Colleague: 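Quick one: structure below, then a few questions.
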Amino acid sequence: MRGMLLIARRELMAYVNSIWGYVVVVGVLVLNGLFFNAFAVTSRPRVSSDVLEDFFYYSSGFITVGGILLSMRLLAEERQTGTMNLLDSSPLSDAQIVGGKFLSAFLFLSGMTLMTLYMPALIFVNGKVSLGHIAAGYTGLLLAGAAAVAIGTFGSSLVRSQLVAIVIGAFFLVFSALSWMLGRVVDPPMDDLVPYLSIYDAHFIQTFAKGRINTEDVIYYLSVTFVFLLLSTRVLSSRRWK
Amino acid sequence: MIEVNGLTRYYGDHPAVQDVSFSIADNEIVGFLGLNGAGKSTTLKVLAGLILPSAGTVHIAGVDALEAPDSLRERIGFLPEEPPLYREMTVAEFLSFCGQLKGMSGARVRSRLPEVYKICDIGHVSKRVISELSHGYRKRVGIAQAIIHDPDLVILDEPISGLDPVQIVEMRRVITGLKSSCTVLVSSHILSEISQTCDRILVLNNGRLVAEGTEEELAARQVGGGRVALELRGELAAVRAALDAFEGVSKVQADAAPDRLVRASASLDGDNREALVAHLVSAGVGVREIRDAEAELEQIFLDLTQRADATTQQQALQQGDT
C-alpha cells in the first residue's frame, strides 16, 4: 500500500508540474462550459432538472475523454523514457505499480471534475434542483471517469507510444458511444449485450444523469475499472517473461 | 554472495544467454566483458530481477530470485545503460523517492543522503532539477539511486558509455569506491575500463560464458606457452627473418630501437624458449632478454572469443557429419 501511495504521489506531482495536466484541465473545462451554455442552458426557458440532466450528459463525454488523455502517459511514458527499469528493479508488485498510477490519474481527474461544480451551482441558485440530483450525477461522473482512466491505463500498458495508447483508449470510448446504434443492427442476444456494455447510455444517461443511483450501475463501473486494471497488471507482468 | 547455475534466457526462439554459471564473492568488482549482443545486459537484467530466466537458478545472498523476487530487489541496486531518471524532479527529491521506493523510511533516507552525495560527489547539485544536469552528472545520480538503500549488490550496465575522459576518471573513482560496502557487477564492451576497475572478469560470447578469472589468469590460459617479449640485437630485417624462420612462432611483432636493438614479441606454440634462443643465436642475432609478455586485454579477449567461435563452428560441423 505504501509503495502504491508513493507512486501515486509522484505521479500527481508530475501532473501538477507538467503542461499536459493543465492542457487537459483547461480543454475539458472550456469545452464543458461552452456546451453547457450552448446546449444545456440555451436561450429558451427550460425545466431546471432537464438543464442539469443535459449538463451531466455532456460532462460524461468530456470527463471520460479527459480520463483517457490523462492516463495515456501512465505506463507508456515510463517505457519510453526507460524509468520503468526503476520501478521494475524495486520491491513493488505490478499491482502496486498499476494501482499507484491509476490512483494518481483518478485523483487528478476527480479534482478536474469537481471544478465543474460551478455549473450545477448556477442551476441550483437560479432554478430548482435537488442536491441529491447533483450528488448522484457527480457520483456517476466519478465512476465513469474511473472506468475511463482504467481503460486508458490498459491502453498505456500495451504500447510505448502515448499516441497509440490514446487510440486504444479512444476505440473503447467510441465503441461505448456508438453501442446503442450497434445494438440495433446485431441479432439477439447481442442486441441486448452490446448496448449494455456502453459506459454512457444504459449505465449513466438513464440513471445517474437523472439523479438516480442504481446499485447495478455502480457494480458495472467498479467491474469495468477492476477488469481493466487487472488486465493492465497482467500485461505489465508478462514483460518479465517475454 | 551470488550463485548462478545454468542460467538460460530466450527471447522468442533466440537464446540470448545459454547455460551460464558463475559465482561471485562479497565485495568483489566483477566485469562482464563481451561484444554487443553477447548477452551481458540480459544476464544483468535477470540478476536485477527485471526479467525472469527461462531456465537455471540465481541465488543472491542465499535468496532465490524466482522464489522471493521482491526480497531480492531490496538487496540490489541497478543502473541500466540509460539512467532511469524523472527529469522534472530535483536530485534530492528523486533520491528520496527512490529510497522510499526501495522500502526505506523517510527518516532513514534523510540520514543516508549525505553519505550518498559524498560517494557520488553530487551534493552541490542536490537542489538542481535533473533535466538541467550534464550527462556525467546524470550518470552519477543514476549510481546514487542504485546505492541509496545500501544494497548488497550493485549492477552497473555500461556505466561509462557517453562520458568524456574527465567524467570517465571520476566514474572510475566512484565505482572502485563502492567496493568497500558492496559487491559490484559492471558490464562493458570497453576493455580498458574492465581492466582498470574490476578484480575479476567474466567473458561472454554469443550468450555463453567462455572464460572467467583475473586478467592475469586469462592471459595464462592462452594457447601453449603464451606470448614472449624479446630484446634482441641485430638488423631489424635479419631479426624478423630469423623469427619467421623458426617453427612454432606466430604473430611476430618487431620494432627497431637505438643501438641496433630490436624489441619484439611473439606467440609460442609450446614452451620452446631454449630452442628459440639457440635458433636466434645461430642466426647471428644477439639475445639480450626473453620473458613472458604482459598480454593486452584486447588480445586475450580476441583470442578467447575467436577460440569460442571456432569451437562452436567445429561442433556444428560435427553435428552435421553425424
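Values in this document were obtained by computation on a predicted structure and should not be read as measured data. Note on naming: letters A, B, ... go to the chains in the order of the sequence lines (proteins, then strands), and numbering restarts at 1 for each one.
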Colleague: Against chain B, work out which of A:Thr83, A:Ile7, A:Asp88, A:Thr81 has the most heavy-atom pairs shorter than 4.5 Å and name it.
Modeller: A:Thr83
Colleague: Whether the side chain of A:Thr64 engages the backbone of A:Gly61 through a donor-acceptor N/O pair (distance < 3.5 Å, no angle test) should be reported.
Modeller: yes
Colleague: Whether the side chain of B:Gln100 engages the backbone of B:Phe97 through a donor-acceptor N/O pair (distance < 3.5 Å, no angle test) should be reported.
Modeller: no
Colleague: Would you call A:Glu77 and A:Lys101 a salt bridge, taking side-chain N to carboxylate O under 4.0 Å as the test?
Modeller: no
Colleague: Against chain A, label B:Glu93 side chain, backbone, both or neither, depending on which of its atoms sit under 4.5 Å from a heavy atom there.
Modeller: neither
Colleague: Could you walk me through whether B:Arg110 and B:Glu115 pass the salt bridge (charged side-chain N to carboxylate O under 4.0 Å, His left out) check?
Modeller: CA-CA 10 Å; B:Arg110 281 190 291 279; B:Glu115 199 180 340; over 6 Å; no
Colleague: Could you tell me which of B:Glu81, B:Met104, B:Arg87 has the largest number of non-hydrogen atom pairs under 4.5 Å with chain A?
Modeller: B:Met104
Colleague: Chain A heavy atoms under 4.5 Å from B:Leu52: which part of the residue, side chain, backbone, both or neither?
Modeller: both
Colleague: So what's closer than 4.5 Å to chain B heavy atoms on A:Gln96: side chain, backbone, both or neither?
Modeller: neither
Colleague: Tell me which of these, B:Met89, B:Glu82, B:His149, has more heavy-atom pairs under 4.5 Å with chain A than the rest.
Modeller: B:Met89
Colleague: Using heavy-atom distances under 4.5 Å, tell me whether B:Arg9 contacts chain A through its side chain, its backbone, both, or neither.
Modeller: side chain
Colleague: Between A:Glu78 and A:Arg160, does at least one N-O distance fall below 4.0 Å, as a salt bridge requires?
Modeller: no
Colleague: Determine the minimum heavy-atom distance between B:Ile194 and B:Leu33, stating which atoms define it.
Modeller: CG1-CD1, 3.8 Å
